Amino acid sequence: MFELNHLAAVYYDPHLQVWIVNRREEIMAVLCDARQFSAIALGTGASVTRCPHSSGLLPFEDALMTSDPPIHSALRRHFSRSLSKVQMEDYQRLTQAELNKIISSLCSAGRVELIQKVCTPLLIMVMRELLGAATVAKAETARWMSVFSPGNDDRSRVDQGVARDTAGKEIWAAVLAAGNNEAHGLLADLSRAHQFGEIQPAQAIDLCASLLRGSADTLGYLIGNTLLALHSMPATFATLRDNPQGVEAVLEASLMRDSPLQMTIRQTTQAVLLGGISIPQNERVMLLIGEANRHEAQTQPGTPRKAELAFGAGVHRCPGALLARMMAKQILTALIDNFDSLLVESDSVVWSNQLALRGPERLYVWFNYPPDGG
């Protein structure tokens, strides 16, 4: 791992052979300049999407996460309807209805693993609706989410690759079915885009896989990190019931101090000057988003602010940021409204093993009363 240099906003790490950027202004400058800082660097170690009818692989230049404008911008436009503000209202109603059912089952449970019992079931229902509930079954949605966001998956790379290829073929079949049935949702939008020659089959699979992977990681980690922070401040949990507006502030504070996205990487397309430092062409630039957020929170305590960097910035800003914030707010509000107390088993947390992300894969919580002998 690298050692942070808190005296420099931009510096070179000879061990990693990468330039480190750890200050908000410089990180924002990089993320908002796709012309000089390419996302192609994210292709190193990334999973690849296979074409459904051949052994060919989708080039990184044509995939959502690793492409640059104008290709990236064109790909993102396919999310415009399924992640619109109008659709968000439907997802909010669905989230609340499902939350009511889940909360009812938790009232007598005592000890609960929150990520798998609350966050994941909610996401499955919302993702199914987003993809097109008339086209894809709940079980299919759950399986695809598991395959594309394995977390601490102990399967071999070969087994993971086979599972993703199989899921990819299933997604493409669902895209074709959505077009034939004139259904609504992302799958139907992608089917129409393919009919008009706007995307390749592998790009349609990649768009769905990226959304499923990003949503699963983001929501669970955000809720987990927030509850771990509240665990150290039990009085705050109680006061939020009388101050529901404070839920948003708590979530933003959590995103500032411990955001799910901790880092990302870019590659220079030409020699550039960043923070007064000259960086040559074709150099990797690592952006420490989590470190920049924490530093800003520490240097400006008590100042309410939106965690602008928590979901990235520029053309690659997380397309599901609004959805993640909405669902996280509803989950936290429901927990506060329905339970007098909450005890997190902080010593039994199972953390994600992904370098760029931070959050719990498993988080056990006691509601209303502590465990026996606690």
Side-chain angles (χ1 to χ4, degrees), residues 42-43 45-60 62-67 75-76 78-79 82-83 115-116 119-181 183-194 199-221 318-320 323 352-354 356-357 361:
L42 289 168
S47 60
V48 293
T49 302
R50 194 174 300 277
C51 302
H53 303 305
S54 71
S55 59
L57 302 176
L58 179 67
F60 288 131
D62 294 330
L64 179 69
M65 287 190 62
T66 50
S67 62
L75 290 172
R76 282 182 71 99
H78 297 298
F79 290 137
S82 55
L83 289 174
I115 307 301
Q116 298 301 317
C119 298
T120 300
L122 280 175
L123 269 174
I124 290 171
M125 296 303 296
V126 172
M127 286 298 107
R128 180 181 178 236
E129 184 70 20
L130 188 153
L131 292 171
T135 306
V136 59
K138 178 180 176 181
E140 283 182 308
T141 308
R143 185 171 66 256
W144 295 345
M145 282 186 60
S146 175
V147 167
F148 290 112
S149 183
N152 289 306
D153 196 338
D154 57 1
R155 291 179 298 181
S156 68
R157 277 185 169 273
V158 174
D159 290 340
Q160 288 183 26
V162 170
R164 287 170 181 163
D165 291 346
T166 300
K169 292 178 181 178
E170 293 174 352
I171 288 174
W172 178 242
V175 169
L176 294 177
N180 295 334
N181 296 334
H184 299 286
L186 178 60
L187 295 177
D189 291 342
L190 295 177
S191 183
R192 285 185 284 269
H194 178 256
I199 58 170
Q200 309 166 34
Q203 287 177 312
I205 297 170
D206 175 67
L207 286 168
C208 292
S210 298
L211 191 64
L212 291 167
R213 178 171 54 247
S215 62
D217 291 337
T218 303
L219 182 64
Y221 295 167
C318 174
L323 180 61
S352 166
N353 59 10
Q354 301 177 73
L357 303 172
E361 297 286 349

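The structure displayed is predicted, hence computed values, not measured ones. Numbering starts at 1 and runs along the sequence shown.
For Asp165, the salt bridge (Lys or Arg N to Asp or Glu O under 4.0 Å) partners at least two apart in sequence or on another chain are Arg50. Under the side-chain contact (heavy atoms from CB on, under 4.5 Å) criterion, Asp206 pairs with Thr49, Leu58, Ala63, Leu64, Ser210, not counting sequence neighbours.
Taking all atoms of both residues into account, the shortest heavy-atom contact from Ile205 to Pro52 is CD1-CD, 3.9 Å.
Between Leu75 and Ser67 there is a side-chain heavy-atom pair separated by less than 4.5 Å. Tyr221 has its side chain within reach of Ser352: a pair of non-hydrogen atoms, C-beta onward, lies under 4.5 Å apart. Residues His78 and Gln203 have side chains not in contact (no heavy-atom distance under 4.5 Å, counting atoms from C-beta outward). The side-chain heavy atoms of Val175 and His194, taken from C-beta on, include no pair separated by under 4.5 Å.
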Which atom pairs, donor and acceptor, lie under 3.5 Å between side-chain atoms of residues 123-132 and protein residues at least two apart or in another chain?
unit_1: Arg128; atom_1: NE; unit_2: Val136; atom_2: O; d: 2.8
unit_1: Arg128; atom_1: NH2; unit_2: Ala133; atom_2: O; d: 3.1

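Atom CG of Leu207 is separated from atom CG of Asp189 by 11.0 Å, given to the nearest 0.5 angstrom. Taking OG from Ser82 and CG from Leu190, the interatomic distance works out to 8.0 Å, rounded to the nearest 0.5 Å.
Looking only at distances, a side-chain donor or acceptor of Thr141 sits under 3.5 Å from a matching main-chain atom of Ala137. Formation of a donor-acceptor pair under 3.5 Å by the Ser149 side chain with backbone atoms of Met145 is not found in this model.
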